[in-house]
Amino acid sequence: MNTLTKRMLLCCIAILCLSNLMAQAQEHVNGQLWMDTEGNHINAHGGNIIKYKKNYYWYGENRPYNGFTTEKGVGVYSSKDLKTWKNEGIVLPVSEEAGHDIERGCIMERPKVVYNKKTKKFVMLFHLELKGRGYEAARVGFAVSDSPTGPFKFIRSTRINANIWPFDMSEQDIEAAKKTDASQWKDWWTPEWRAEVNKGMYLWRDMAGGQMSRDMTVYIDDDGKAYHITSSQENLTLLVCELKDDYLGYTGKYNMIAPGGQNEAPCIFKKDGTYWLICSGCTGWAPNEARMFTSKSIWGPWKQLPSPFVGTATGYRNMPANKTFGGQGTYILNNVADYPIFMADIWNSRHLSQSMHLWLPINFDENGVPVIKWADNPW
Ligand code: DGJ
């Protein structure tokens with residue numbers, strides 16, 4: 001072997017070692033920082049993943065290191081293998097215009113992007129809170145793009161289905177709801193207050209202005225119909241709202257899941273014709289016990305089952321199943337492996353950009369009920 005060949009061989013070995021090192025650096029372990037191809041922690045939270053052509057796109061909240069408001073917008077990362085993620089930048093930036101719905105300093109949370117086969121557009125729905133108003137606006141934002149990597153054009157933000165009652169509420173129930181008065185109830189959680197909530201007190205309170213929308217997801221069913229599933233009525237009740245064919249507005253058909261159940265972070269998937277919905281309770285950024293519901297129809301009736309989480313997080317602070325291993329769900333990624341993958345955020349409320357990712361395989365017991373155990377990664 002001459003000197004030149006030796007040098008070339010050494011060079012090849014060095015390149016191989018380096019690429020192996022880089023591949024190792026991108027190996028993602030639940031509860032640890034997950035690096036993108038530039039070596040930065042993946043700053044995409046509360047989001048979802050879609051596949052388009054040969055690529056996966058992971059959309060999420062781009063969070064600042066300090067503070068709770070949105071300073072940049074919604075970002076996206078791309079990947080061919082769901083393991084190596086390239087930062088493609090901010091696809092829906094905040095606006096610098098004072099008074100704009102998505103003015104810098106607003107709060108944009110839980111963005112979900114879906115592809116509309118009819119319009120060939122990428123549609124984003126997200127939870128929006130207006131600048132300087134805490135969490136009181138409780139709106140949903142709509143944005144649209146021709147490309148998965150944006151730019152997304154902001155369309156509008158709104159509350160939901162003003163002056164429309166859930167399609168399955170009887171005349172009698174509507175009359176009972178109309179007799180409630182939310183302004184009378186300063187003390188929550190009393191049995192009397194709960195009875196009024198169950199009658200539809202907050203539904204009625206928000207009838208004229210439209211229903212609140214906070215934590216949310218979007219689900220596309222096998223027939224292409226899209227549903228916005230969102231925490232409404234002061235986070236007490238989930239709504240399932242049918243979207244129009246272009247996914248950019250509501251048909252007006254909607255109903256409630258678990259009225260008064262206080263469910264957040266809805267994540268949904270369907271297996272063999274059965275829908276499974278996994279949610280969290282409402283404890284801010286702190287983890288709590290997940291809840292699970294199942295139904296044969298998107299319109300219910302939904303039956304509540306125990307949390308699917310079992311065991312302890314062996315690799316992450318020994319977090320128990322009744323704290324969802326420290327995470328809060330954001331999306332269920334289906335059809336990428338032999339099993340669905342539960343995607344969650346382990347929130348770091350002191351430094352939101354540093355919130356960790358938690359992806360776990362969803363297995364099924366002998367009755368076909370989802371079971372989620374700790375694993376270092378979902379693969
Ligand atoms: C829990 C929600 O799931 C998050 O998206 C965020 O809104 C926090 N609450 C804020 O406390």
Side-chain angles (χ1 to χ4, degrees), residues 30 47-52 56-58 81-82 110 112-118 125 166-168 215-231 238-243 245 247 251 253-258 261 263-280 289-311 321 324-325 327-344 358-375 377-379:
N30 283 326
N48 79 324
I49 290 177
I50 60 167
K51 187 171 189 198
Y52 181 66
Y56 293 99
Y57 295 93
W58 181 359
D81 59 5
L82 291 165
R110 300 195 170 265
K112 301 288 175 289
V113 172
V114 285
Y115 180 65
N116 188 308
K117 284 187 185 154
K118 278 190 192 150
L125 275 73
F167 76 90
D168 53 359
D215 276 16
M216 50 141 282
T217 195
V218 178
Y219 178 68
I220 310 286
D221 215 333
D222 305 334
D223 57 5
K225 267 200 186 312
Y227 302 90
H228 179 213
I229 302 175
T230 187
S231 292
L238 288 167
L239 303 183
V240 179
C241 309
E242 190 179 70
L243 294 172
D245 283 353
Y247 303 169
T251 64
K253 182 173 182 185
Y254 76 107
N255 75 354
M256 302 185 269
I257 301 178
N263 293 293
E264 272 194 331
C267 301
I268 186 171
F269 73 102
K270 187 167 155 184
K271 185 173 189 282
D272 304 329
T274 298
Y275 298 83
W276 299 94
L277 180 67
I278 301 176
C279 306
S280 73
E289 183 161 34
R291 294 97 184 271
M292 182 162 69
F293 300 86
T294 185
S295 174
K296 287 278 176 206
S297 157
I298 194 81
W299 300 118
W302 292 89
K303 181 181 165 206
Q304 186 162 5
L305 298 172
S307 160
F309 289 81
V310 291
T324 314
F325 304 139
Q328 186 184 32
T330 179
Y331 192 66
I332 292 169
L333 188 54
N334 215 348
N335 305 320
V336 300
D338 294 343
Y339 42 82
I341 294 172
F342 180 80
M343 290 172 59
L358 172 65
W359 290 16
L360 293 169
I362 301 181
N363 292 302
F364 297 88
D365 70 11
E366 62 283 5
N367 300 315
V369 176
V371 177
I372 306 179
K373 291 184 185 156
W374 174 265
N377 67 61
W379 315 113

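All values below come from the heavy atoms of this structure, side chains included, with hydrogens, waters and symmetry mates left out.
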Asks: Mind checking ring pair (Phe, Tyr, Trp, His ring centres under 6.0 Å) for Tyr331 and listing every partner two or more places apart, or none if nothing turns up?
Replies: none
Asks: Can you list the residues that meet the side chain to side chain donor-acceptor pair (under 3.5 Å) rule with Asp221, with sequence neighbours excluded?
Replies: Lys270, Tyr275
Asks: Determine the minimum heavy-atom distance between Pro370 and Pro308, stating which atoms define it.
Replies: O-CB, 3.4 Å
Asks: At their closest point, which heavy atom of Asn30 faces which heavy atom of Ala375, and how far apart are they?
Replies: ND2-O, 2.8 Å
Asks: What pair of heavy atoms forms the shortest contact from Ser307 to Ala290, and how long is it?
Replies: CB-O, 3.1 Å
Asks: Among Trp374, Trp359, Phe325, Phe309, which residue satisfies the ring-ring contact (aromatic ring centres under 6.0 Å, His included) criterion with Phe342?
Replies: Phe309
Asks: My understanding is that only residues two or more places apart in sequence, or in another chain, count here; which of them pass side chain to side chain donor-acceptor pair (under 3.5 Å) with Tyr57?
Replies: Asn55
Asks: Check side chain to side chain donor-acceptor pair (under 3.5 Å) between Thr230 and all other residues, then give those that pass, not counting sequence neighbours.
Replies: Ser213
Asks: Looking only at heavy atoms, which two atoms of Tyr115 and Tyr247 are closest? And how far apart?
Replies: O-CE1, 3.8 Å
Asks: Assess whether atom NZ of Lys253 is packed by more than 12 heavy atoms of other residues, nucleotides or ligands within 6.0 Å.
Replies: yes
Asks: Would you name the heavy atoms of Gly368 and Phe364 that are closest together and state the gap between them?
Replies: O-CD2, 3.5 Å
Asks: Can you list everything that forms a side chain to side chain donor-acceptor pair (under 3.5 Å) with Asn263? Sequence neighbours excluded, please.
Replies: Arg291
Asks: Knowing that exactly one of Leu239, Thr330, Ile229, Val240 qualifies, which makes a side-chain contact (heavy atoms from CB on, under 4.5 Å) with Pro266?
Replies: Ile229
Asks: Please identify each residue that fulfils salt bridge (charged side-chain N to carboxylate O under 4.0 Å, His left out) with Lys117, with sequence neighbours left out.
Replies: none
